[in-house]
Amino acid sequence: MIEPSQCVINTATLGFQAPLPEVIDAVARTGFGWITPWRREVEGHDVAALARRVRDAGLRVNGYCRSTYIPSDDPAQFRANVEANRTALRDAAALGADHFVMVVGSHRDLEMARAQVIEATGLLLAEAKTLGVKIALEPLHPVYAAERSCLTLMSEALRWCNAAEGQTAEPKLGVCIDAYHVWWDPELSSSIASIGAEHRIFAFHVCDWLVPTQDVLNDRGMMGDGVIDLKSLWAAVQKAGFHGSVETEIFSAQNWWKRPMDETLRVVAQRLKTSL
Ligand code: ZN
């Protein structure tokens, strides 16, 4: 049984239908303890004021979503992508976020893309350590490999962590495990255990995989409405040593994003109790 106060609402769940201060208030009044905002809600606003607003509402910031895609065959663009992420890392620190979520991007030349992401992650990690923010690499479902993420496996994410940071007792580079992206992985259990053994599970995102899925980007399901065995997954993540909060992240353009925020939040709170 999970209480909402121990859980995170990723603001994408609410479809960006209101400015962040209103979202903060809705999340707090439904009893959730944590929030993960997106850059589109933060950039161009007074970040310090938003951080105060979160604190005043009694919330804490878990993650900050998400990175500018890294890979490019134009060296100047690659550098610009790294710099954009440096700026976002500073905002993550100003918000008091635990970690910055990296969805890494892709390129037709996957080998180049992967090498660039490892290099960029190393550069950003140095900045993140100075700022006191962790970085969480999020592997995406392989259906996104052409455009959104050349990183698709948890085992691969762990290898990249080791390549960029090396073995360390208190890692600042880790993995965001998102149920939607990894539930199908035949090495699910062993990969979760390996990442946990190195203390690199930084976040656990949940939603559900609907059957049939109408749109792999924006037709994610509410927990309990699809085929993912969330109870087993959450048990495995906890057994691997993760003591953080469950984060709900539902992209649902045709369903949940069309509902009032309070309604969606009430259903999330209830499903977290019954589905995990
Ligand atoms: Zn996610």
Side-chain angles (χ1 to χ4, degrees), residues 2 7-16 23 27 32 34-42 61-70 85 88 92 97-106 117 121 133-145 147-154 156-158 160-161 173-185 188 191-192 195 200-210 213 215-223 225-228 230 233-234 236-237 242 244-253 256-257 264 268 271-272 275-276:
I2 303 178
C7 297
V8 189
I9 292 297
N10 183 301
T11 58
T13 306
L14 303 170
F16 306 112
V23 174
V27 169
F32 289 94
W34 300 74
I35 193 167
T36 288
W38 280 63
R39 285 166 70 187
R40 57 187 283 178
E41 301 169 297
V42 171
V61 178
N62 191 46
Y64 185 45
C65 283
R66 61 163 168 69
S67 57
T68 299
Y69 296 154
I70 301 284
N85 285 319
D98 174 73
H99 56 269
F100 178 57
V101 176
M102 282 189 61
V103 172
V104 300
S106 194
V117 172
T121 302
V133 179
K134 296 189 285 187
I135 292 179
L137 294 172
E138 181 166 348
L140 299 198
H141 190 288
V143 73
Y144 301 111
E147 293 164 292
R148 293 173 181 271
S149 182
C150 59
L151 173 62
T152 54
L153 296 174
M154 286 188 288
E156 196 181 15
L158 182 57
W160 293 9
C161 286
L173 178 61
V175 183
C176 171
I177 297 176
D178 186 321
Y180 190 81
H181 296 303
V182 305
W183 65 277
W184 58 273
D185 187 342
L188 187 66
S191 289
I192 290 171
I195 298 168
R200 291 199 199 264
I201 303 177
F202 286 0
F204 179 57
H205 293 179
V206 295
C207 64
D208 215 333
W209 187 283
L210 299 175
T213 290
D215 170 5
V216 288
L217 188 59
N218 287 325
D219 188 31
R220 301 187 194 184
M222 179 64 65
M223 294 75 76
D225 287 347
V227 297
I228 304 178
L230 290 166
L233 196 48
W234 176 225
V237 167
F242 179 68
S245 304
V246 177
E247 178 166 328
T248 299
E249 182 188 41
I250 305 173
F251 291 73
S252 173
W256 298 103
W257 289 358
T264 300
V268 168
R271 294 297 181 88
L272 285 168
S275 299
L276 268 83

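Just so you know, ligand 1 is whichever comes first in the structure, and atom 1 is the first atom listed for that ligand. Computed from a predicted model, the values in this text were never measured in an experiment.
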Could you identify the N, O or S atom of Asp178 positioned closest to the Zn ion (ligand 1)? OD2
At their closest point, which heavy atom of Asn10 faces which heavy atom of Trp38, and how far apart are they? OD1-NE1, 2.7 Å
Just to the nearest 10 degrees, tell me the angle at the Zn ion (ligand 1) spanned by His205 ND1 and Glu249 OE1. 90°
May I ask you to check if any N/O/S atom from Glu247 comes under 2.8 Å of the Zn ion (ligand 1)? no
Answer key: the N, O or S atom of Glu138 nearest to the Zn ion (ligand 1) is OE2
Is a side-chain N or O of Asp219 found less than 3.5 angstrom from the main chain of Thr213, in a donor-acceptor match? no
Please answer whether the main-chain N or O of Ala145 pairs with a side-chain N or O of Ser106 as donor and acceptor at a distance below 3.5 Å. yes
Work out which heavy atom in Glu138 is nearest to a heavy atom in Glu249; give both atom names and the distance. OE2-OE1, 4.2 Å
